[in-house]
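All chains are named by letter (A, B, ...) in the order of the sequence lines, taking the proteins before the strands, and each is independently numbered beginning at 1. Predicted model only: the values in this text are computed from it and were never measured.
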2 protein chains.
Amino acid sequence: MPGVLAVIVSGFFFRAAAVAWDCLPPDAVVWPQNVEQVSMLAKICHCSNTPIIPFGTGTGLEGGVSAVRGGVCFNLTRMDQVLDLNTEDFYVTVEPGVTRKSLNSYLRDSGLWFPVDPGADASLCGMAATSASGTNAVLYGTMKENVVNLEVVLPDGNVLHTAGQDRRFRKSAAGYNLTGLFVGSEGTLGIITKTTLRLSGIPEAIVSAVCAFPSVQAAVDSTVQIRQCGVPIARIEFLDDVMMHACNSFSNLSYAVLPTLFLEFHGTEKGLEEQLKQTEEVIQLNGGSEFTYAKDQETRSKLWTARHNAWYAALGLRPGCKGYSTDVCVPISKLPEIVVETKKDLMESQLTGPIVGHVGDGNFHCIMVLNPDDPDEVHRVKLFTDRLARRALAMNGTCTGEHGIGLGKRKLLVEEVGEIGVEIMRRLKSTLDPKNIMNPGKVL
Amino acid sequence: MPGVLAVIVSGFFFRAAAVAWDCLPPDAVVWPQNVEQVSMLAKICHCSNTPIIPFGTGTGLEGGVSAVRGGVCFNLTRMDQVLDLNTEDFYVTVEPGVTRKSLNSYLRDSGLWFPVDPGADASLCGMAATSASGTNAVLYGTMKENVVNLEVVLPDGNVLHTAGQDRRFRKSAAGYNLTGLFVGSEGTLGIITKTTLRLSGIPEAIVSAVCAFPSVQAAVDSTVQIRQCGVPIARIEFLDDVMMHACNSFSNLSYAVLPTLFLEFHGTEKGLEEQLKQTEEVIQLNGGSEFTYAKDQETRSKLWTARHNAWYAALGLRPGCKGYSTDVCVPISKLPEIVVETKKDLMESQLTGPIVGHVGDGNFHCIMVLNPDDPDEVHRVKLFTDRLARRALAMNGTCTGEHGIGLGKRKLLVEEVGEIGVEIMRRLKSTLDPKNIMNPGKVL
C-alpha cells in the first residue's frame, strides 16, 4: 500500500506497555486513502494485538486521540470526498476527512446545510464518533438525530454498514439500532469511514439578537421560559459577565459586562415576527435589555463574533495559561439553580472559569483557565470540576452533554449510569472488540 | 408473590420444544405488579431456561407476542401508573400498563401531550420496545426521538436504567447509547418496566385538511414537494382510490373515490396561514382539488374519521377475510415510483390491498385483505409482499418503517443490513441474553 504508511515510529508492531501518562503518542501513524486500506491495516493490527486510534481532526476535548497504550493512529484526513449528495431527499454521505465547514461550503449552492455546529471545524465522522452537538442542537438536534447510516471498519477488519449498505430512509424498525450504538462510541467499537447525514433546508429568514440581563437568574429564567412557551428558537447561548468582559477585551467590543443571551431565530419572515414578539415579552418580564438585532449575514456574523471567539477570549484572560472546558447538562428547570451555585463555587474556589452555554438544551461550559504548572490550582480545578459534575448528577443531569467521556470522566460515568449500566457497556465493548484494540483506555 | 401467578398452564417450568407453528400460546401467564416481581420472575425463568415473552397490549403487527418456543408471558398491564410528570421540563415516566390514549387523557389539563400515534391504543413501553411511530412522526419523530430513559429487567433479573436512574436530560454524550439499543429491540434483550418520554406542548392552533388528486403520481408528488418546501407539516397521510372507496362504504362518507391526502398543520395562527398558503400552491400545481378545511376539534375529528377507520374499512371490503399490513419505507423522492409500481403489481396479482401511508416519511402500508383458507391467495400475498419489500430495498429503503421484524421478516432483515450487520446483532443479543430466553425466535 504505497503512500499509506507514511510514518512508522520504531516499535510499530510491538504493543506499547500501558503507561500512566495520558498524552503518550502512538507508535505509528498511517494515512489510509480508502476503506479497503483501513480494513487491511485494521486486520494487521488485529493479528498483532496493536491498539488502533482513529483520528479525524483531533479537535475533541476529552483526550480521545491520546495513544495511552501506544499503537497505530489511523489519520483519516486523506479520505476527504463528499459522496452521494442527494438534494431531493436531503442526504449526503461523507468520508472522514470532510469537515463541517468544508461540507457547508460544498453545499453552498444547493439550498441545504448541515446544522450541527460544535464550534471547532471538526471532521463529520469524528462528530458522529463523539456524538457532537453545539449551538444549533436546540432546534436541529445533535449528531444522534442527524446520522442516518455509518460505514464502520470493525476491529477485525470487517466492514459494517450500520443501517445496511446505501440505505437512507427517514425511519426504520429493522433490527437493533446499530447506527445509534456507534454514534458516540468515541472510536472504541470501530473506525467510522463514511457517514450519511440528514441535511436541512437553509431557512428563508434568519434573525440574530443579543440581550443583557441584570442577573444570571434573570437570563437563565428567560431561557427556560422561552423554551416553555414553545418558541422554536434555533440558538440560545448564555455568556456570563466574566465571559462578556473577556470577549470585549479579546474582540475589541463594547457589550455591557452583564449576563447575556445570544439568540438566533430561523424561519419564514412572518414566523420570525411571532417568535421575536414572544421572546421579547419573556425578556421584558425578566428585566432584560432591549434586543440588539441583526438580519443580514454580515451584521449577524459581527453580532456573534463574541460568542464564536469565547474560547480564545477566555484564554486571553490569563495569557500563558491553558484551558479546560467542563460540560454538564441538566433538565432545563434546574439551570438557574446550577448556574448560580456554580458561579458561587468558582468565586469561593478562587478559579477563573467564565461560563458559556447552550442553555436551550440545559448544557453549559465553564472554561477553566489555569496554570498547569501550579499544582495547587490544578488540584482546585479538579475538585471544582468533580463537584460540578456531581451537582449536575444530583439534579438528574449528565456529566457530559456533548464532549464525551474520553479519559477523564470514566469514574463519573459509573456514577451516572450505575454499575449495571457500565457492566452492560463493558459487555458490548467486549463482544465487538474482544481484544480491546479499539482506542483502548477510553470511555470504559 | 400472591396474585402474580394468576394462570399457570401445565408444564410451566418445562421448556416447550421448538415448533414450527407461529401462534403457539405460552405455557403460563404472569401478571407482575412491580419491577421487583418482574425481576424475581425473570430470575426464575433464567434459572430454568424458560422463555420470557413480554406483553403490553398485544397490538403489535409482526407476531411479537407469539410464544413460538413456549415459556412465560409477562403480562404487564397491572403496572399502570403514570409516574413523575414534570411539566416544566416536558417529561413523564410511565409503567408498561399505561397506553398512549390513557397518558394523553392524564395530560389533558397540563397543556402537554405525547404525539407519537401508531393508531392502536398501544402500551407506551411496548411502543418503545417496537420503535413505534405513526401519523405524527413527520413532525414529532418516532419513539427513537422521544424516549429519554428506560428501566429494563434483563434476562438474568438485573435491573438496568439505560441512561442512569432518574436521568432526564435533553442530550448526553455519556458512554454507549443503551436507550437507543433497547428502543426497537422487540422484547429480545429485556423487559421494559418503565419509560421516560419527552412530551410536547399542545399547539396553539391546529388545522386539518383533505384534498383529492387526479392520480397517485400527483398526490405523492405533492407530498414530496411539500416536504421539500420545508413546510413543517404535522401529518400527511395518503389513501388510494381503493382505500377511499372502502372508507366511504364503512363510515358512510361521500369523499371522491380518488387518491387523497389527509393533512394536519400544527402551529400558531399566523404560522398556519403561511403553511396552508405554501401547501395550497403545491397542490394546485399538481391538479389537486380544493382543500376541505377544519379548525375546531369536532370537525377535525369528523374529517379524520376515514383515515382513523382505514384498517376496519379495508377489512369491510371482503367480510370474513383477514388483514395483513405491509410496511415499507423509502427515501421520499422514490415514493411516486414505488407507489405506482405497487398499485400495478396489486392489479396484476389480483389482490385486494388498499394503500394508506405516512407518506411524509416515505412510509406506506398495503392493507392486504385475504382469505386465509385459500392457499393460492395466501401464496400470492406472500409473493407480493416479498416483491414489495425487495422493491423498497432496491430503492435504498427498508422492509419495515415502523412495524418491526418480528417473526416474518427475519430473512428480509439479512437482505437489508447484510450478513455482517446481522452477525453483529446476533453477537449483541448473545452477550445480553446468552441463554436466548428473551422473546426467542423474534428479530434474529
Side-chain angles (χ1 to χ4, degrees), chain A residues 88-89 130-131 133 137 142 145 158-161 163-178 180-181 183-185 201 228 230 268 270-271 274 329-333 361-363 396-405 413 416-418 420-421 424-425 427-428 431 443, chain B residues 88-89 130-131 133 137 142 145 158-161 163-178 180-181 183-185 201 228 230 268 270-271 274 329-333 361-363 396-405 413 416-418 420-421 424-425 427-428 431 443:
Chain A
E88 280 188 297
D89 294 317
T130 56
S131 191
S133 51
T142 72
E145 290 82 27
N158 274 322
V159 180
L160 167 72
H161 294 89
Q165 191 156 11
D166 297 325
R167 312 235 158 267
R168 48 185 170 80
F169 25 64
R170 277 184 61 86
K171 65 182 194 185
S172 168
Y176 305 150
N177 184 357
L178 299 182
L181 182 61
V183 170
S185 61
Q228 285 170 347
T268 57
K270 267 196 193 169
E274 276 193 314
C329 179
V330 294
I332 195 164
S333 68
D361 290 320
N363 181 209
N396 311 102
T398 172
C399 68
T400 174
E402 56 184 22
H403 294 171
I405 296 295
L413 178 65
E416 179 162 334
V417 301
I420 292 177
I424 294 296
M425 290 182 193
R427 280 204 240 162
L428 297 176
T431 197
V443 182
Chain B
E88 279 187 297
D89 293 317
T130 55
S131 192
S133 52
T142 72
E145 291 81 27
N158 274 320
V159 181
L160 167 72
H161 295 89
Q165 192 157 11
D166 298 325
R167 311 233 159 268
R168 47 184 172 82
F169 25 64
R170 278 185 59 86
K171 65 182 194 184
S172 168
Y176 304 151
N177 183 358
L178 299 183
L181 183 60
V183 171
S185 61
Q228 285 170 348
T268 58
K270 266 196 193 168
E274 275 192 315
C329 180
V330 295
I332 194 164
S333 67
D361 290 321
N363 181 208
N396 311 103
T398 171
C399 67
T400 174
E402 55 184 23
H403 295 172
I405 296 296
L413 179 64
E416 179 163 334
V417 303
I420 291 175
I424 294 297
M425 291 183 192
R427 281 203 240 163
L428 297 177
T431 196
V443 182

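Side-chain contact between B:L160 and A:V417 is absent, with no heavy atoms from C-beta onward closer than 4.5 Å.
In terms of heavy atoms, B:P331 sits closest to A:R168 at CG-O, 3.4 Å. Pairing each heavy atom of B:S172 with each of A:S131, the nearest pair is O-OG, 4.4 Å. Nearest heavy atoms, A:A174 versus B:E416: CB-OE2, 3.4 Å. Considering all non-hydrogen atoms of both residues, B:F169 and A:C329 come closest at CB-SG, 4.3 Å.
Put simply, of B:G271, B:G397, B:G180, the one with the most heavy-atom pairs under 4.5 Å next to chain A is B:G397. Of the listed residues (B:T431, B:I424, B:D166), the greatest number of heavy-atom pairs within a distance under 4.5 Å of chain A belongs to B:T431. The candidate with the highest count of non-hydrogen atom pairs below 4.5 Å against chain A, out of B:V443, B:V330, B:N363, B:V183, is B:N363. Residue with the most contacts toward chain B among A:G184, A:G418, A:G404, A:G201: A:G404 (heavy-atom pairs, distance under 4.5 Å).
A distance-only check finds a donor-acceptor pair linking the side chain of B:Q228 to the backbone of A:E88 [under 3.5 Å].
Side-chain atoms of B:R167 and A:N396 include no donor-acceptor pair closer than 3.5 Å.
Summarising the geometry, atom CG belonging to A:L178 is positioned 6.5 Å from atom CG belonging to B:L428; distances are rounded to the nearest 0.5 Å.
With A:R170 as the partner, the side-chain hydrogen bond (donor to acceptor under 3.5 Å, both in side chains) test is satisfied by one option alone out of B:T142, B:T398, B:D361: B:D361.
With sequence neighbours excluded, the residues that form a side chain to side chain contact (heavy atoms under 4.5 Å, CB included) with A:N158 are A:L154, A:D156, B:I420. A search for side chain to side chain donor-acceptor pair (under 3.5 Å) contacts involving B:E402 returns A:K171, B:S133, B:H358, B:H365, not counting sequence neighbours.
Contact of B:I332 with chain A is made through backbone and side chain together, with heavy-atom distances under 4.5 Å.
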